[in-house]
*Asks:* 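Questions regarding the structure given below will be posed in turn.
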Amino acid sequence: MTRQSAARKPETTEAVIRLSDVNKWYGEFQALKDINLTIKRGERVVVCGPSGSGKSTMIRCINRLEEHQRGTIVVDGIELTDNLKNIEAIRSEVGMVFQSFNLFPHLRVIDNLTLAPMWVRKMPKKEAETLAMEYLERVRIPEQAYKFPGQLSGGQQQRVAIARALCMQPKIMLFDEPTSALDPEMIKEVLDVMIELAESGMTMIVVTHEMGFAKTVADTMVFMDAGEIVEVAPPSIFFEAPKSDRTKLFLSQILTH
Amino acid sequence: MQPERRTYAFAVTECMAALEASRKSDTSILNSLAFRGVVYQVLLASGVILLGWYLYHNAHLNLERQGIATGFDFIGERAGFSIGESLIPFDSAQSYGRALLVGILNTLYVAAFGVVLATILGVTMGIARVSSNWLISKLASGYVEACRNVPVVLHVIFWASVIRALPPPREALNPFDGVFITNRGVIYPLPVENAIYPWMGLALLVGIAGAVLFARWAGRRRELTGRNVSTFWPGLGIILGLPLLVWLAGGAPLEWSVPALRGFNFQGGTSLTPEFVGLLVGITVYTGAFIAEIVRAGIQSVPHGQVEAARAVGLRPGLVMRLVILPQALRVIVPPTTSQYLSLTKNSSLGVLIGYPDLVNVGNTTLNQTGQALEAISIMMAVYLMISLSISIFMNFYNRLVAIRER
């Protein structure tokens, strides 16, 4: 039903995610203020800003881990309402990687990867395992397939989490501060995997403080502060000639240490 | 490397080594940790043995002085009292031993039903309590708070009183044809005995085994093809269908013993006594409230990130519960639930208050008639100990089965 309605709106074929006037409150506190953002297929967006600025809240609204109260969010032609079918359809097209990995501790790595393909996509186990091994090779840890998450290092766990999301063959990947919980020496192995993914043409929205990564990968930088989008610009302009004073202040704080 | 086991032999060698060391250096043996450890243990063990011997000796002397018989000879003697309800034939001419066996079986009977029903009630209410539906979660927390904050004695007396307040047989409530709810218990029809019934029982067992095999096959097929095979209806069909076939093959005997009012009470059919129902409902409702809290705590012990990760890959809420939350919650749920099973079993001894002939009830009567308090009480204690230990052993085994490996 929703797919048909998507077909009737030709303008959504270009923009894969469209947030229009999105507002969200936690009680009295307004977490998101009139967010407008359009993301095209294949675009790599890096979202940055001080903590508490609403970056995570915004991307968590895109797969409805958080509910927005006003405005519309359309993902891949499907509008996010409280219709469970729509939400599930969107979630199986949108992969997510969390700051704290959130692997299932009671399942081996390979079973973490095959769970959703088998139960959501109804894929035979053999096929799901072949797929899982393929993605484990892409994140360069096929030898860990039969271990439990608790036996892996943080960086390895986060790469498994990326592979788990990729196993659903999503059209869009969301990264919510994927390297913030990692020891410094493990950040690079995760970023390398993400750079490879970006080069393969995946639509990505990444909340991160890794400005080096942003400069190499991003098509678009989004700066948020106090629940608002302050500035949207390509990285060349964003880092060299930011327009807003708030952006300048943030960049001076984050780049000078 | 395995840590060395601290056996007594080991402790003694360690002690000798300490003695040797103290002789070589100038420090006193009294400063050796190993030596002190052994001394304390020897002191404690001899204290316990002395105390036990003193108590036994004292009791024995006093009983002898008062001319009270000791020993367990009374078990073979004629009981001389009758018991209200029994799972095995019993009359007053039979022995105390047989009477105690009736009590033990009655205790096991009510405890077994209680454990099963309290688990069903508790799991349902525990899941309901974490429901996002406001009304359902409030109803469940109302039940939990109302029931676990009242002493179990009052629960048992309350439900026994409720049943006694039901109408007498002449005005019995009749919810279904042939089923009567009265102040004398719940009376319901029973098929008249027939040679075919044991075979139907066997067919039922075969059916259950068949259903388990079918579920396994369905699981394997799902892994192979990804397609889900519904197991509920076919499984139910196998379980119920086989006995039905046997019944048909046996000429489909249709004779029922239907209860009918004769004079002041019902004849025919069979009944659950008011004492049994009162005790069962009382301990079930009470324990169910505790199990509900345990289940809620278990579910909430799983970090929220797990739920988010499971939802983010598109799993439906039911599958999130089944594949991600429950396997992780179960290891938190099982050990305290074992304690609840144990306390339910022991609380069934409150049947003595409302006249249910459980072990304590029969044991008390035996005690009063023989005057052999120590023996009667120790029999009861030994039996409860054995029942409780059996439950513990089984549950520990189950716990090891569900304990999930994370490394």
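Letters A, B, ... mirror the listed sequences (proteins, then strands); counts begin at 1. Computed from a predicted model, the values in this text were never measured in an experiment.
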*Asks:* Kindly give the heavy-atom pair with the smallest separation between B/Gln306 and A/Pro105, and that separation in Å.
*Replies:*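 Nearest heavy atoms, B/Gln306 then A/Pro105: OE1-CD, 3.4 Å.
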
*Asks:* Looking at B/Gly305, is its backbone amide N or carbonyl O close enough to the side chain of A/Asn102 to form a donor-acceptor pair, meaning the two atoms are under 3.5 Å apart?
*Replies:*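 The answer is yes, because a donor-acceptor pair under 3.5 Å joins these two groups.
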
*Asks:* Using atom types as modelled, flag every donor-acceptor pair under 3.5 Å from a side chain in residues 287-302 of chain B to any protein atom, sequence neighbours excluded.
*Replies:*
| unit_1 | atom_1 | unit_2 | atom_2 | d |
| --- | --- | --- | --- | --- |
| B/Thr287 | OG1 | B/Ile283 | O | 2.7 |
| B/Glu293 | OE1 | B/Arg129 | NH1 | 2.3 |
| B/Glu293 | OE1 | B/Arg296 | NE | 3.0 |
| B/Glu293 | OE2 | B/Arg129 | NH1 | 3.3 |
| B/Glu293 | OE2 | B/Arg296 | NH2 | 3.0 |
| B/Arg296 | NH1 | B/Gln300 | OE1 | 2.8 |
| B/Ser301 | OG | B/Gly298 | O | 2.7 |

*Asks:* So for atom CZ, which belongs to B/Phe397, do other residues, nucleotides or ligands contribute more than 12 heavy atoms lying within a distance under 6.0 Å?
*Replies:*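 No.
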
*Asks:* So for atom CG, which belongs to B/Leu33, do other residues, nucleotides or ligands contribute more than 12 heavy atoms lying within a distance under 6.0 Å?
*Replies:*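 For B/Leu33, atom CG is not crowded (no more than 12 foreign heavy atoms under 6.0 Å).
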
*Asks:* Taking everything shown except A/Lys85 itself, do over 12 heavy atoms lie less than 6.0 Å from its NZ?
*Replies:*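 No, NZ of A/Lys85 has 12 or fewer neighbouring heavy atoms, counting only those of other groups under 6.0 Å.
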
*Asks:* Taking side chain as everything from C-beta outward and backbone as N, CA, C, O, which of these in A/Val94 sits under 4.5 Å from a heavy atom of chain B? Side chain, backbone, both or neither.
*Replies:*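 Contact with chain B: backbone only.
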
*Asks:* Would you compute the distance between atom CD1 of B/Ile325 and atom NE2 of A/His106 and round it to the nearest 0.5 angstrom?
*Replies:*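 Result: 10.0 Å between the selected atoms.
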
*Asks:* Checking heavy atoms, do the side chain of A/Lys147, its backbone, both or neither come under 4.5 Å from chain B?
*Replies:*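 Neither the backbone nor the side chain of A/Lys147 comes within 4.5 Å of chain B.
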
*Asks:* Counting neighbours of OH on B/Tyr143 that are heavy atoms of other residues, nucleotides or ligands and sit closer than 6.0 Å, is the number greater than 12?
*Replies:*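 Atom OH in B/Tyr143 is crowded, with more than 12 foreign heavy atoms closer than 6.0 Å.
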
*Asks:* Which of these passes side-chain contact (heavy atoms from CB on, under 4.5 Å) with A/Trp119: B/Val320, B/Leu319, B/Val313?
*Replies:*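 For A/Trp119, the side-chain contact (heavy atoms from CB on, under 4.5 Å) check succeeds only for B/Leu319.
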
*Asks:* Might you work through the side chain to side chain contact (heavy atoms under 4.5 Å, CB included) test for A/Leu115 and B/Leu323, ending with a clear yes or no?
*Replies:* CA-CA 9 Å; A/Leu115 190 75; B/Leu323 300 173; 3.9 Å; yes

*Asks:* Heavy-atom distances under 4.5 Å only: say whether A/Arg121 touches chain B with side chain, backbone, both or neither.
*Replies:*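 No part of A/Arg121 comes within 4.5 Å of chain B.
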
*Asks:* Between B/Pro317 and A/Glu88, what is the shortest heavy-atom contact and its length?
*Replies:*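 Scanning both residues completely, I find the closest heavy atoms to be CD-OE2, 3.8 Å.
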
*Asks:* Find the one option among A/Glu127, A/Arg60, A/Arg64 whose heavy-atom pairs under 4.5 Å with chain B are most numerous.
*Replies:*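 Counting heavy-atom pairs under 4.5 Å, the top option is A/Arg60.
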
*Asks:* Decide yes or no on side chain to side chain contact (heavy atoms under 4.5 Å, CB included) for B/Glu308 and A/Met96, but give the supporting numbers first.
*Replies:* CA-CA 10 Å; B/Glu308 288 189 340; A/Met96 184 155 196; over 6 Å; no

*Asks:* Is it the side chain or the backbone of B/Arg221 that comes within 4.5 Å of chain A heavy atoms, both, or neither?
*Replies:*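 Neither the backbone nor the side chain of B/Arg221 comes within 4.5 Å of chain A.
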
*Asks:* At a 4.5 Å cut-off on heavy atoms, which part of A/Phe104 comes close to chain B: side chain, backbone, both, or neither?
*Replies:*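 A/Phe104 touches chain B through backbone and side-chain heavy atoms alike.
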
*Asks:* Of all the heavy-atom pairs spanning A/Phe98 and B/Ala312, show the shortest one and how long it is.
*Replies:*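 Distance-wise, the nearest heavy atoms are CZ-CB, 4.0 Å.
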
*Asks:* Quick check: closest heavy atoms across A/Arg91 and B/Arg311, and the distance to 0.1 Å?
*Replies:*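 Nearest heavy atoms, A/Arg91 then B/Arg311: CD-O, 3.0 Å.
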
*Asks:* With a 4.5 angstrom heavy-atom cut-off, which part of B/Arg220 approaches chain A: side chain, backbone, both or neither?
*Replies:*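 For B/Arg220, neither part sits under 4.5 Å from chain A.
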
*Asks:* Is it the backbone or the side chain of A/Ile90 that comes under 4.5 Å from a heavy atom of chain B, or both, or neither?
*Replies:*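 No part of A/Ile90 comes within 4.5 Å of chain B.
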
